[in-house]
Trainee: 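Take a look at the following structure, please.
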Number of protein chains: 2
Amino acid sequence: MDRFKDVLKASNLKSTHQRLAILDAIDHFGHVDIDTLYDSIVQKYPTMSKATLYRNINDLISFHILEEVKLPQQKQQYEIKKVPHIHLLCSECGNVEDMFVETKPLLETVSSQSGFHISNSFIVMNGICKTCYLKQ
Amino acid sequence: MDRFKDVLKASNLKSTHQRLAILDAIDHFGHVDIDTLYDSIVQKYPTMSKATLYRNINDLISFHILEEVKLPQQKQQYEIKKVPHIHLLCSECGNVEDMFVETKPLLETVSSQSGFHISNSFIVMNGICKTCYLKQ
DNA sequence: ATAAATAGGATAGTTAATATCTTATTAAGT
DNA sequence: ACTTAATAAGATATTAACTATCCTATTTAT
């Protein structure tokens, strides 16, 4: 449960209950928007204020512990920063699926064609997930 | 100048001066956030209201004439919907570059590995553009 | 156990976006 | 061109999203 303590310590951030609760909750959800996150945390920490939530999320993003996920037509979401992956967004059920796929060839094409030095990439695909597709 | 009249007509939307001004401005900028857009349009149409701007942008998006561009760490931007392309975002100069690149192989990999039926994709790459890189 | 540093919570204040209502404009038919 | 029905614009108010400030509480190193 406290694996995030080390993560915080590594960035010289204090391990407050609130921060750990935020990280646990986001980790549990995978991706989550601010309201869902707030509602879930308030269950355990009724005193948690939205200011604290926003403040921490922004701090954690600036230390690259969290990252924002901006999907078209959706509220901004947040997730624990992990191995680079892409997002599959189903237009039927609204679910967001993570997928780990080799993007190097694409990045290399882009890099060599444009002279752009890529540090990271963000890929979203819209469509219909396997489950919803089979239901139709 | 009035190529957008046909576009609007095709969606049964009236060709108001405001709509044409919005489309022209967005077309001119390539990508633009709401405030830059508003400031630029107010020059020509001092009576333009922000409500009208937001309303029209949302209408145009729902008719697939415009699309939103959500980039990490940036305000939401808008652009004319055109041939699918990816965005290269320079962390030095802040510029957003369009690039037309073959993404089919990637999409096919994703599709076959996940069973996800992709309708469209959204790709952003962060890094340093050629110009800024050469300056260093 | 103490103290300095940092974070939390409450509140107020911005900024972003939307809803409502009245007036104005567009576009189709005459 | 004139009329009219449909739709859009503009003004305003309202809601929602986010941030800043200030004072108190908690954390952590000693």
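Below, read A as the first sequence line, B as the second, and so on, with proteins coming before strands; counting in each chain starts at 1. Side chains included, hydrogens not; waters and symmetry mates left out as well; all remaining heavy atoms used.
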Trainee: Is the phosphate of C/dA7 approached by A/Asn56 (side-chain N or O, under 4.0 Å from OP1 or OP2)?
Mentor: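 Negative; the distance criterion is not met.
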Trainee: Between B/Asp59 and B/Ser62, do the side chains contain a donor N or O and an acceptor N or O under 3.5 Å apart?
Mentor: no
Trainee: Please tell me if the side chains of B/Ile34 and B/Ile57 come closer than 4.5 Å, counting only heavy atoms from C-beta onward.
Mentor: yes
Trainee: Atom OH of B/Tyr38 to atom P of C/dA17: distance rounded to whole Å?
Mentor: 14 Å
Trainee: For A/His85, enumerate each residue passing the ring pair (Phe, Tyr, Trp, His ring centres under 6.0 Å) test, keeping only those at least two apart in sequence or located in another chain.
Mentor: A/His87, A/Phe100
Trainee: Looking at A/Ser119 and B/Asn126, would you say the former's side chain and the latter's main chain have a donor-acceptor pair under 3.5 Å?
Mentor: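 It does hold such a pair.
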Trainee: For B/Val124, which fellow cluster members are found when Ile, Leu, Val, Met, Phe, Trp and Tyr are connected by side-chain heavy-atom distances below 4.5 angstrom, either directly or through intermediates?
Mentor: A/Val69, A/Leu71, A/Leu89, A/Val96, A/Phe122, A/Val124, B/Val69, B/Leu71, B/Leu89, B/Val96, B/Phe122
Trainee: Rounded to whole angstrom units, what separation is found between the CD1 atom of A/Ile57 and the P atom of C/dG8?
Mentor: 12 Å
Trainee: Pick base, sugar-phosphate or nothing for A/Thr47, based on heavy-atom distances below 4.0 Å to the nucleic acid.
Mentor: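 Sugar-phosphate: the residue A/Thr47, judged by heavy atoms under 4.0 Å, touches backbone atoms but no base.
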Trainee: Roughly, in whole Å, what's the span from CZ in B/Arg19 to C1' in D/dG10?
Mentor: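 It is 14 Å, rounded to the nearest whole Å.
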Trainee: Within the pair A/Thr52 and C/dG9, is there a side-chain N or O less than 4.0 Å away from OP1 or OP2?
Mentor: yes
Trainee: Between C/dA4 atom C1' and A/Asn12 atom CG, what is the distance in whole Å?
Mentor: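 Taking atom C1' of C/dA4 as the reference, CG of A/Asn12 is at 15 Å.
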Trainee: Send over the distance from B/Leu8 CG to D/dA6 C1', rounded to a whole Å.
Mentor: 16 Å
Trainee: Rounded to whole angstroms, how far apart are CZ on A/Phe63 and P on C/dT6?
Mentor: 11 Å
Trainee: C/dA24 P sits how many Å from B/Tyr45 OH, rounded?
Mentor: 18 Å
Trainee: Do A/Gln77 and A/Glu68 touch side chain to side chain, with heavy atoms closer than 4.5 Å?
Mentor: no
Trainee: Rounding to a whole Å, what distance do you find between A/Met48:CE and C/dA10:P?
Mentor: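 Distance check: A/Met48 CE to C/dA10 P gives 11 Å.
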Trainee: Is it true that A/Asp33 and A/Thr36 share a donor-acceptor pair across their side chains at a distance under 3.5 Å?
Mentor: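 Yes, A/Asp33 and A/Thr36 have a side-chain donor paired with an acceptor closer than 3.5 Å.
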Trainee: Once each nucleotide of nucleotides 17-30 of chain D is scored for protein heavy atoms under 4.0 Å, what B/S/- sequence comes out, 5' to 3'?
Mentor: SSBB------BS--
